[in-house]
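Worksheet for the structure shown next.
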2 protein chains.
Amino acid sequence: MSKTKHSKDLTKRRAQPKEVRKEQLIRATMKCIAANGLSGVTMARVTTEAGLSLGIANLHFESKERLLLETLEYVTNEYSREQLAIFNSNSYTSLAAKIEALLEFDFSSAVTDKDKMAVWFAFLGEAKSRPTYQRICSRQDSVSEAEMTALFQAAIDEGGYSGADAALIAAGYISLVDGLWLNTLVAPRRLPRKKARLAARHYLASAFPEHIMLGKN
Amino acid sequence: MSKTKHSKDLTKRRAQPKEVRKEQLIRATMKCIAANGLSGVTMARVTTEAGLSLGIANLHFESKERLLLETLEYVTNEYSREQLAIFNSNSYTSLAAKIEALLEFDFSSAVTDKDKMAVWFAFLGEAKSRPTYQRICSRQDSVSEAEMTALFQAAIDEGGYSGADAALIAAGYISLVDGLWLNTLVAPRRLPRKKARLAARHYLASAFPEHIMLGKN
DNA sequence: CATACCTGAATGAACGGTCATTCATTAATT
DNA sequence: AATTAATGAATGACCGTTCATTCAGGTATG
């Protein structure tokens, strides 16, 4: 109960550009979802978390539904953008280096941030019954899967791995990562982040033994 | 608007033993979660789905929270019980057959039923913020992981696979299956059940090449 | 066999609490 | 002074829960 909590000082109320407030509210929403679950999110909690007044969310977002949707988009867009940057980069000296980079990215602390993962899985849990959530969640998945398949195919060609199915390996990798994230989120003691990353590395190493080695890390 | 819908015929009101009504309500709750998401479940919807009156759920379960909890337990217990039966069975003629059986079970139509998976992931999505959900979701996981590790270790010994880590392979398999289920649930077009099962089979085949073959199925 | 009585399952109107949304008012900025 | 941002009390809708009432099936009585 510190007095300066959230600096809810009325004399300091400052008008801020829309974009600043929106991001502030989205971050508060992420925290609320992680702390209370999607069904525990209320406008009062979000605005208190943001240190602002109750009405502010409806001022910048037209409704609670929109706030939630934009929060989901914030998380998914960030991931897609950064992953796509790796796919499109030509600064990696080898296929192996690019695959390694994707692996490190998927288990970086930025991506495995508890709040962000909580948001992601909270929406996925409702996705089956809400077409809008489903659409946002899968918007980039096809692109991502295609990029990954192409990359894996290149590795297969380069390594001369016979009979390997790039599309299937890619689909498996994507699902494996989803599952590892989920288990790390729900039971971090049983599956700490490092063990999760190691499991993913094993998967890639057994698919591309010439490219991904197990010794390092 | 058919007249016989749900046989809501007042002249047919019959007292039923508690257990019958409870199961009826749990099934209705599963349907509601699949159709409306966890946050869209209301007592009115559940009881209408069951073809009963509003007050009935509070009569047999002390509260909505308890109804939801028992629904989650219904799904998790069913899975654990049947999986454990496979682990404990001694009617399989080989380790390979038992591993195959576990794989077939995980992708059987009973387990990959949309309603059941929707229930499972709806609760997992909220699990981080609700200790009770988390406890029920992970109650059997440790047992299951230990059983699987022991089985995989036996396969490693039998096949003479050097340097393989049974615990890591088991953790990876469990997460892979979770991820495949999730993707199958959310985007069945992109990942149909058969493709999901094939991806899981590939994982096992590359870990235990002497035991699991790719040719069949 | 008929009838009265009892038990407890089932019902659904009514209640009260929670929460998203609105908007009159106030404050900051130009 | 005009404009734009922010506030938070008030509103109304929704929903979980309660409980007086209804009714089916069983048991006792004559």
Side-chain angles (χ1 to χ4, degrees), chain A residues 5-29 31-33 35-72 122 126 129-130 132, chain B residues 5-29 32-33 35-71 122 126 129-130 132:
Chain A
K5 189 181 181 185
H6 288 310
S7 65
K8 190 73 163 287
D9 187 340
L10 295 192
T11 68
K12 293 254 169 76
R13 191 176 60 173
R14 288 276 183 278
Q16 294 280 277
K18 262 186 177 293
E19 286 316 308
V20 173
R21 284 279 181 258
K22 288 186 83 168
E23 174 145 356
Q24 188 179 2
L25 287 165
I26 285 174
R27 290 199 177 282
T29 304
K31 279 220 169 124
C32 282
I33 292 173
N36 308 102
L38 200 48
S39 62
V41 173
T42 66
M43 295 307 243
R45 277 209 248 256
V46 170
T47 52
T48 299
E49 173 69 38
L52 296 168
S53 69
L54 178 56
I56 196 80
N58 281 83
L59 180 68
H60 292 291
F61 299 87
E62 91 190 23
S63 67
K64 182 187 180 187
E65 179 69 10
R66 272 285 211 292
L67 169 63
L68 291 175
L69 252 30
E70 293 203 28
T71 301
L72 174 59
E126 298 267 277
S129 59
R130 310 193 95 142
T132 313
Chain B
K5 188 180 180 184
H6 289 309
S7 66
K8 190 70 164 292
D9 188 340
L10 294 192
T11 70
K12 293 256 169 71
R13 191 176 62 173
R14 287 275 185 280
Q16 295 277 245
K18 264 189 175 296
E19 286 316 309
V20 172
R21 285 279 180 257
K22 288 187 84 168
E23 174 145 356
Q24 187 179 3
L25 288 164
I26 285 174
R27 289 197 179 283
T29 304
C32 281
I33 292 174
N36 308 102
L38 199 48
S39 62
V41 173
T42 67
M43 296 306 242
R45 277 208 249 256
V46 170
T47 51
T48 299
E49 173 68 38
L52 296 168
S53 68
L54 179 57
I56 196 78
N58 281 83
L59 180 69
H60 292 290
F61 299 87
E62 92 190 20
S63 64
K64 181 189 180 186
E65 179 70 9
R66 272 286 209 293
L67 170 62
L68 291 176
L69 251 32
E70 293 203 27
T71 301
E126 298 267 277
S129 58
R130 311 191 88 143
T132 313

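Naming convention: chains lettered A, B, ... in sequence-line order (proteins, then strands); numbering from 1 in each chain. FYI, side chains are in, hydrogens and waters are out, and symmetry mates aren't considered; it's all heavy atoms of this structure.
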Calculate the interatomic distance between R45(A) atom CZ and dC19(C) atom P; express it in whole Å.
7 Å

Classify V20(A) by what it touches in the nucleic acid, base, sugar-phosphate, or nothing, heavy-atom distance under 4.0 Å.
nothing

Starting at CD of E19(A) and ending at P of dA5(D), how long is that distance when rounded to a whole Å?
12 Å

Are any side-chain N or O atoms of K64(B) and backbone N or O atoms of V41(B), one a donor and one an acceptor, separated by less than 3.5 Å?
yes

If you draw a 6.0 Å radius around NZ in K31(A), do more than 12 non-hydrogen atoms from other residues or ligands fall strictly inside?
no

Please pick, from dT7(D), dA20(C), dG16(D), the nucleotide with the shortest atom-to-atom distance to any side-chain atom of M43(B).
dG16(D)

Could you tell me how far apart L68(B) (CG) and dG16(D) (P) are, to the nearest whole angstrom?
9 Å

Check every atom of dT21(C), dA6(D), dG12(C) against the side chain of K64(A) and return the nucleotide holding the closest atom.
dT21(C)

How far does CG of L59(A) sit from CZ of R21(A), to the nearest 0.5 angstrom?
10.0 Å

Take the protein atom CG of L67(A) and the nucleotide atom C1' of dA20(C), then report the distance between them rounded to whole Å.
12 Å

Hey, does the side chain of R21(A) come within less than 4.0 Å of dA5(D)'s phosphate (OP1/OP2), counting only N and O?
no

Say whether, by atom type as modelled, one donor and one acceptor occur between the side chain of T47(B) and the main chain of A44(B) under 3.5 angstrom.
yes

State plainly whether the residues E70(A) and R66(A) are in salt-bridge range, i.e. N to O under 4.0 Å.
no

Taken to the nearest whole Å, CG/L52(B) to C1'/dA10(C) is 9 Å

Would you indicate what V46(A) reaches in the nucleic acid, counting non-hydrogen atoms under 4.0 angstrom: base, sugar-phosphate, or nothing?
nothing

For S63(A) and M43(A) the tightest heavy-atom approach is C-CE, 4.4 Å

Figure out the CD/C1' separation between E65(A) and dA13(D), and round it to whole Å.
17 Å

Reported CG-to-CD distance for the pair L25(A) and E49(A), which is rounded to 0.5 angstrom
11.0 Å

d(CD, Q24(A); C1', dA6(D)) in whole Å
12 Å

Nucleic acid contacts of residues 54-62 of chain B, taken as heavy-atom distances under 4.0 Å to DNA chain D:
L54(B), N58(B)

